[in-house]
Each structure stands twice: as C-alpha cells, then as structure tokens.
Number of protein chains: 2
Amino acid sequence: MSSERISDAELTIMEILWERAPLTATDVAARLPDDRAWSLPTVKTLLSRLLSKAAVEHRADGRRFLYSPLIGREDYVAHESKRLMDRLFGGKFMPLFAHLAEQENLSAADISEIERLLREMKS
Amino acid sequence: MSSERISDAELTIMEILWERAPLTATDVAARLPDDRAWSLPTVKTLLSRLLSKAAVEHRADGRRFLYSPLIGREDYVAHESKRLMDRLFGGKFMPLFAHLAEQENLSAADISEIERLLREMKS
DNA sequence: ATTCTCCGACTACATCTGTAATCGATTCGA
DNA sequence: TCGAATCGATTACAGATGTAGTCGGAGAAT
C-alpha cells in the first residue's frame, strides 16, 4: 500500500516508531541514534511528510500529537526486498540467493541454519 | 568505490551499457525499454551525470562519444544488496534469508537448488 | 561555399530530500 | 496575570532527480 517511497531520513523515524509507539515528536527526537541527532524542527518536518504519505498517523493528546506507524515494518521490509529483487535480479529469488550466498561467505553455522529452515519449510 | 548513489533513471542507462558497450548516446536511447522511452536530451543528461559520478567513462569517436561502464554490474549489485541488508536486516544475512524464504514461498525445486548450492559451498 | 543536420554542452524547471528557522497560539510557572 | 517554554504550522533553501529544451559548432550533403 501507499506507493509513496519512504526516504532514508524518514526511515530513521519509522524505525523509532516501530520500536515504540505512540510517541510525541519530542519523544521521537530523544530516541534518535547518535549519528542522526537532528533538531526538533527536522523531526517534525519528517513526521509531517510521513503523515502526508500515510505512513504514520497522529492522534491529539492535549495540545500535542501522538504519532503511530500506519505501515507495518514487515510490509515495508517485504516491499523493499521485493524492489531489490525486481530491480537487480529479474524479480527472481534464486539469483538473489546465489549472489548473497557467494558474497556473504557463509559459515558452517549459517549453512546448517539454512538447512534447518529448509527442512522446516518442507513439512 | 565511488560512493555517489546511482539513481533509478541512471540505473536504466547502466543496464543498457552493461549489456553492450561502448555505445553512443543515440545508441543508448535506441535501446531504452518501452516503458522508459526518454528523449535523447534526457539520455544525454543522465549520461553526463553518470560521467560526473565516475560510473561511466567516454572516449571520443570522431565527433561523438562512446560510453562504457566504469562500475561493474557485479559491484553495483553487491553494493545495493549490502545496503538493503544493512538498512533493514541489521547487516546480517540470516534474517534476510529467513524473510525471503518465507515471503517467496519457495518451491520444492527452489529448495533442492539451494541445497545443491550449499553442498557445493561446503566443498 | 552554403545549408542542413547532428552532437555535446549548457540551461531549465518541478519535485523530492535533508536539514532547519521562524511564527502564532497556547499553556505553565511565577 | 505576564512572561517563558513549547507546540504545530509555515516557510526556507540547497542538493538530487526526472525530464527536457536550446544553442553554438562541426560534418555532411549539395
């Protein structure tokens, strides 16, 4: 849903709301990671952009707003993963897996974990 | 290398050059997919942006230029895949794999193919 | 030699993104 | 009650992006 793309800075805000919601703008600002210590106005701008993209909603609480995500993290992750697969791997899973497997140099532990997942899936 | 991000429109151009290079701007335009039938000026703008990002190079051929990729597709794909893994899966492969496996609803054939790849990797 | 055509370079311009300042209203503390 | 702190809303502004037009020069055709 809501095909508007969420930008990188906006994603930072979403991550905070996915971890804990509802939050006020000030709360969100307080939870920013250290490498993104934005000013409060910046956080408010991002929140209002997310509002207009229908990625979050807000509800009045006295004279401020409490923000909550409207898009679930799972949905977003699925969407972005699919986008990568479509853009770079012809939309197919196997080439993506092959690429990752080669690139990531899987450890023996990883391999057994994958095998376990596969067995689980078969049943 | 060359940390400048390649945009979506620029990627369309790169895909064409990855498939066949060197090409002139006109050649590139002629090979655009139907859903991106841009004007020649647009193609030229994108090529010059890619030039300044050092993603392609050009060599004079009479009075026009022949463009070739400087960044390999493999490198780009690796970079973008890692970016997704970092942004959404804490930089770790297993959660990404688990997500994809669940999402993509692997067929029996896929599963055997994965198992084959894994066996190959162990040796 | 003159005109036509084609090329790359430069310019354009709306939208999105990152990052923030300011402003008018409100409420809280004194 | 009166100033201080705080809110949300509005405005700002540079850089990236999508998409294209224009212009001056060089080759090609006549």
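Chain A is the first sequence line, chain B the second, and so forth, proteins listed ahead of strands; every chain is numbered from 1.
Evaluation of the ring pair (Phe, Tyr, Trp, His ring centres under 6.0 Å) test over residues 101-123 of chain B, restricted to residues two or more places apart or in two chains, returns none. Residues in residues 104-118 of chain B take part in these salt bridge (Lys or Arg N to Asp or Glu O under 4.0 Å) pairs, two or more places apart or across chains: A:K122-B:E115, B:E113-B:R116, B:R116-B:E120. Residue pairs meeting the ring pair (Phe, Tyr, Trp, His ring centres under 6.0 Å) criterion with at least one partner in residues 24-62 of chain B, sequence neighbours excluded, are B:H58-B:F65, B:H58-B:Y67. Screening residues 104-123 of chain A for ring pair (Phe, Tyr, Trp, His ring centres under 6.0 Å) gives no qualifying pairs among residues at least two apart or on separate chains. Sorted by first and then second residue, the pairs that involve residues 9-23 of chain B and meet salt bridge (Lys or Arg N to Asp or Glu O under 4.0 Å), not counting sequence neighbours, are B:E10-B:K53, B:E15-B:R73. Screening residues 22-51 of chain A for salt bridge (Lys or Arg N to Asp or Glu O under 4.0 Å), with sequence neighbours left out, gives A:D8-A:R36. Residue pairs that meet the salt bridge (Lys or Arg N to Asp or Glu O under 4.0 Å) test with at least one member in residues 59-71 of chain B, sequence neighbours left out, do not exist here.
For B:D27 and C:dC6, the CG to P distance is 14 Å, given to the nearest whole Å. Across the protein-nucleic acid pair, B:Y67 atom OH and C:dC7 atom P stand 11 Å apart, rounded to whole Å. Look at CZ on B:R59: it is 17 Å from P on C:dC7, rounded to the nearest Å. In this structure, CZ of A:R5 is placed 16 Å from C1' of C:dG18, rounded to the nearest angstrom. Between the P atom of C:dG8 and the CG atom of B:D61 lies a distance of 10 Å, rounded to the nearest Å. If you take CG of A:L46 and P of C:dA21, they are 14 Å apart, rounded to a whole angstrom. Going from atom CD of A:E4 over to atom C1' of C:dC16 covers 10 Å, rounded to whole Å. One atom, CG of A:L32, and another, P of C:dT19, lie 11 Å apart when rounded to the nearest Å.
If A:S7 and B:L51 are placed on DNA chain C by their nearest nucleotide, the residue sitting closer to the 5' end is B:L51. Of the residues near DNA chain C, B:R49 and B:A25, the one whose nearest nucleotide (by heavy atom distance) lies more toward the 5' end is B:A25.
The side chain of A:E10 sits closest to C:dT17 out of C:dA9, C:dT17, C:dT19.
Sorted by residue number, the members of residues 35-45 of chain A with any non-hydrogen atom under 4.0 Å from DNA chain C read A:W38, A:S39, A:P41, A:T42, A:T45.
Put simply, the residue from B:L70, B:V56, B:L46 that forms a side chain to side chain contact (heavy atoms under 4.5 Å, CB included) with B:L51 is B:V56.
Taking 3.5 Å as the limit, the base of C:dC6 and the side chain of B:R63 contain a donor-acceptor pair of atoms between them.
Bounding nucleotides for the chain B contact on DNA chain D, 5' to 3', at a heavy-atom distance below 4.0 Å, are D:dT17 to D:dG27.
Put simply, CD1 on A:I13 and CG on A:L47 are 5.5 Å apart, with the number rounded to the nearest 0.5 Å.
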